[in-house]
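Reviewing the structure listed below.
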Amino acid sequence: MDTGSACIDFAGRVPPSRGLDVRWIHGSPSAKHNTDPDIQVHAYDEHTYILRQNMAIDYEAPFLFLLFGNARAVLIDTGATASAAFFPLRRVVDELIDGWLTRNPRQGYHLLVLHTHPHGDHIAGDGQFADRPRTTLVGADLATAWSYFGFDEDPTGVARVDLGGRVVECLATPGHHEAAVTFYDPWTGFLLTGDTVYPGRLYVQDRSAFARTIDRLIEFSERRPVTHVLGCHIEMTNEPGVDYPVRTTYQPDEPPLQMTTAHLHEIRAALDETGARPGRHAFPSFVIWPAE
């Protein structure tokens with residue numbers, strides 16, 4: 001591809017530990033009178049964006065991530081709503097790409113769409129990108145996603161997605177869902193954990209697989225500089241161990257989205273403490289919720 005502009009050097013540096021002091025949109029007492037944008041956009045840096053869906057559109061209010069490289073961008077997850085009228089994800093993403101290309105001119109720039117896992121609140125917007133030019137949309141289902149990453153042949157391998165100098169590392173991390181994938185971005189130091197690790201209810205589909213995944217994330221993080229562990233939801237309150245009820249559409253007292261590698265160790269210890277006991281197990285920053 002002819003970039004038409006100087007290549008950005010995304011390699012050869014330790015990611016700076018930037019703060020992430022963001023007041024995320026968090027719903028309103030009356031969804032009918034909600035005045036938040038359909039999608040909140042936060043520029044972490046000039047090549048990295050974090051998006052959050054409005055709770056008035058869907059209570060899940062998932063977070064999505066848009067990362068730019070020299071040759072292509074990657075959108076990780078597409079949110080909880082299919083309708084572009086209610087959830088204009090493609091329009092917002094196109095505007096961000098157009099703005100980035102204005103500052104960093106390139107010809108034939110591509111978009112790759114990947115997912116953390118195939119639950120409906122992470123893939124509903126896929127259809128908005130189905131006919132987008134210069135776009136590769138990779139299905140989130142086990143067969144499609146794991147074939148793309150090569151996990152069908154080596155589930156313990158680390159796949160690398162090159163965006164053009166910005167190489168994102170990808171790991172198979174089942175437990176919440178059999179097809180779950182975690183992404184590590186060396187440019188920012190983000191560990192993007194989907195619904196595996198986040199400040200909320202950690203629904204464990206397969207306890208043994210989930211424990212192995214947490215062990216793997218701990219080991220992986222010990223060999224890389226991780227600045228923030230970022231999942232796709234906030235469900236906890238600022239009161240330790242207290243989560244908002246399921247389907248809440250107003251969360252005025254949320255903790256930060258970002259977690260740390262220390263939380264990985266806390267989750268692992270929580271799994272040991274709770275064992276195979278069924279039911280909800282609350283801890284200060286998360287809730288372990290095994291499948292019945």
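Only heavy atoms go into these numbers, but all of them, side chains included; no hydrogens, no water, no symmetry mates.
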**Report entry** Main-chain N/O of Ile234 paired with Gln251 side-chain donor or acceptor, under 3.5 Å
**Finding:** yes
**Report entry** Arg247 atom CZ, neighbour heavy-atom count above 12 within 6.0 Å
**Finding:** no
Report task. Show your reasoning for whether side chain to side chain contact (heavy atoms under 4.5 Å, CB included) applies to Arg106 and Leu101. Result -> CA-CA 6 Å; Arg106 276 140 172 75; Leu101 289 173; 4.0 Å; yes
Query - Between Gln53 and Thr81, a side-chain donor and acceptor under 3.5 Å - result: yes
Query - Heavy atoms of other groups near Glu219 CD, more than 12 under 6.0 Å - result: yes
Query raised in the report: For the atom pair CG (Leu192) and CD1 (Ile76), what is the distance rounded to the nearest 0.5 Å?
Result: 5.0 Å
Query - Smallest separation among heavy atoms of Thr188 and Arg13, with atom names - result: N-NH2, 4.5 Å
Query raised in the report: Do any N or O atoms from the side chain of Gln40 and from the backbone of Asn54 form a donor-acceptor pair under 3.5 angstrom?
Result: no
Report summary line: Rounding to 0.5 Å, atoms CH2 (Trp24) and CG (Asp36) come to a distance of 13.0 Å
Requested in this report: Examine distances only and state if a side-chain atom of Thr144 and a backbone atom of Ala140 form a donor-acceptor pair shorter than 3.5 Å.
Outcome: no
**Report entry** Spacing of Arg132 atom CZ and Asp94 atom CG [to the nearest 0.5 Å]
**Finding:** 4.5 Å
Requested in this report: State, yes or no, whether a side-chain contact exists between His177 and Tyr203 at a heavy-atom distance under 4.5 Å.
Outcome: no
Report task. Take atom CG of Asp21 as the centre, draw a 6.0 Å sphere, and report whether it contains more than 12 heavy atoms from other residues, nucleotides or ligands. Result -> no
Report task. For Arg52 and Ile50, indicate whether the former's side chain and the latter's backbone hold a donor-acceptor pair under 3.5 Å. Result -> no
Query raised in the report: Do Leu163 and Leu111 sit in the same hydrophobic cluster, where Ile, Leu, Val, Met, Phe, Trp and Tyr count as joined when their side-chain heavy atoms come under 4.5 Å apart?
Result: no
Query raised in the report: Using the ring of each side chain (for Trp, its six-membered ring), is Phe68 parallel, tilted or perpendicular to Trp100, with breaks at 30° and 60°?
Result: parallel
Requested in this report: Go through the steps to decide whether Leu89 and Leu75 satisfy the test side chain to side chain contact (heavy atoms under 4.5 Å, CB included), and finish with yes or no.
Outcome: CA-CA 10 Å; Leu89 180 60; Leu75 174 65; 4.1 Å; yes
Report task. Assess the side chains of His33 and Ser28: does a donor N or O sit below 3.5 Å from an acceptor N or O? Result -> no
Query raised in the report: Would you say the side-chain atoms of Thr248 pair up with the backbone N or O of Pro245, donor to acceptor, closer than 3.5 Å?
Result: yes
Report task. Kindly work out whether a path of hydrophobic side-chain contacts (I/L/V/M/F/W/Y, heavy atoms less than 4.5 Å apart) joins Met259 to Leu20. Result -> no
**Report entry** Donor-acceptor pair, side chain of Asp121 and main chain of Ala80, under 3.5 angstrom
**Finding:** no
Query raised in the report: Under 30°, 30 to 60°, or over 60°: which ring-plane class applies to Tyr44 and His42, parallel, tilted or perpendicular?
Result: perpendicular
Report task. Kindly give the heavy-atom pair with the smallest separation between Val197 and Leu264, and that separation in Å. Result -> CG2-CD2, 3.8 Å
Report summary line: d(Asn104 CG, Ile8 CD1) to nearest 0.5 Å is 4.0 Å
Requested in this report: Assign the ring pair Phe220 / Tyr184 to parallel, tilted or perpendicular, where the plane angle (0 to 90°) is split at 30° and 60°.
Outcome: perpendicular
Report task. Determine, stepwise, if the pair Ile25 / Met55 fulfils side chain to side chain contact (heavy atoms under 4.5 Å, CB included). Result -> CA-CA 8 Å; Ile25 56 173; Met55 280 190 167; over 6 Å; no
Query raised in the report: Are side-chain heavy atoms of Phe183 and Thr116 found at a separation under 4.5 Å?
Result: yes
Report summary line: Of all heavy-atom pairs linking Leu257 and Gly231, the shortest is CD1-O, 3.6 Å
Report task. Before giving the answer on side-chain hydrogen bond (donor to acceptor under 3.5 Å, both in side chains), spell out for Thr48 and Arg18 the whole-Å C-alpha distance, their side-chain angles and the decisive distance to 0.1 Å. Result -> CA-CA 12 Å; Thr48 309; Arg18 299 173 183 260; over 6 Å; no
Query raised in the report: Should Pro255 and Met236 count as side-chain neighbours, where that means a heavy-atom distance under 4.5 Å?
Result: yes
Report task. Please determine, by modelled atom types, if Asp215 and Thr213 share a side-chain donor-acceptor pair under 3.5 angstrom. Result -> no
Query raised in the report: Should Phe63 and Val22 be counted in the same cluster of Ile, Leu, Val, Met, Phe, Trp and Tyr side chains packed under 4.5 Å apart?
Result: yes
Report task. Kindly give the heavy-atom pair with the smallest separation between Val161 and Cys170, and that separation in Å. Result -> CG2-SG, 3.7 Å
Requested in this report: Please answer whether the main-chain N or O of Ala71 pairs with a side-chain N or O of Arg166 as donor and acceptor at a distance below 3.5 Å.
Outcome: no
Report task. Flag the pair Trp187 / Val168 as yes when at least one side-chain heavy-atom distance between them is below 4.5 Å, and no otherwise. Result -> no
Report task. Would you check if there is a donor-acceptor pair between the side chains of Asp126 and Thr78 at a distance under 3.5 Å? Result -> yes
Query raised in the report: Phe129 and Val138: same hydrophobic cluster, using ILVMFWY side-chain contacts below 4.5 Å?
Result: no
Query - Over all atoms of both residues, closest heavy-atom pair of Glu273 and Phe283 - result: OE1-CE2, 3.6 Å
Query raised in the report: So, are Glu169 and Arg223 salt-bridged, with charged N and O less than 4.0 Å apart?
Result: no
Query raised in the report: Out of Thr274, Val287, Ile288, which one pairs with Arg280 under the side chain to side chain contact (heavy atoms under 4.5 Å, CB included) rule?
Result: Val287
Report task. Indicate yes or no: at least one non-hydrogen side-chain atom of Leu114 is less than 4.5 angstrom from one of Tyr148. Result -> yes
Query raised in the report: What distance do Asp253 atom CG and Tyr244 atom OH have between them, rounded to the nearest 0.5 Å?
Result: 4.0 Å
Query raised in the report: When clusters are formed by joining ILVMFWY residues with side-chain heavy atoms under 4.5 Å apart, either directly or through shared neighbours, do Val204 and Phe286 land in the same one?
Result: yes
Query - Test item: His228 side-chain N/O and Phe190 main-chain N/O as donor-acceptor pair under 3.5 Å - result: no
Query raised in the report: For the side chain of Asp38 and the backbone of Phe87, is there at least one donor-acceptor N/O pair under 3.5 Å apart?
Result: no
Query raised in the report: Between the side chains of Thr135 and Arg90, is a donor N or O closer than 3.5 angstrom to an acceptor N or O?
Result: no
**Report entry** side chain to side chain contact (heavy atoms under 4.5 Å, CB included) between Phe65 and Asp185, worked out
**Finding:** CA-CA 11 Å; Phe65 304 90; Asp185 173 36; over 6 Å; no
Query raised in the report: Is a side-chain N or O of His233 found less than 3.5 angstrom from the main chain of Glu60, in a donor-acceptor match?
Result: yes
Query raised in the report: Are the charged groups of Asp206 and Arg212 less than 4.0 angstrom apart, N to O?
Result: no
Requested in this report: Check whether any side-chain heavy atom of Ile97 lies under 4.5 Å from a side-chain heavy atom of Tyr109, and answer yes or no.
Outcome: yes
Query raised in the report: Could you go step by step and tell me if His117 and Asp195 meet the side-chain hydrogen bond (donor to acceptor under 3.5 Å, both in side chains) rule?
Result: CA-CA 8 Å; His117 63 293; Asp195 283 3; 3.3 Å; yes
Query raised in the report: Any side-chain heavy-atom pair from Asp77 and Pro62 closer than 4.5 angstrom?
Result: no
Query raised in the report: Asp141 and Ala179: which non-hydrogen atoms are nearest, and at how many Å?
Result: C-CB, 4.3 Å
**Report entry** Atom pair CZ (Phe210) and OG1 (Thr173), whose distance is rounded to the nearest 0.5 Å
**Finding:** 9.5 Å
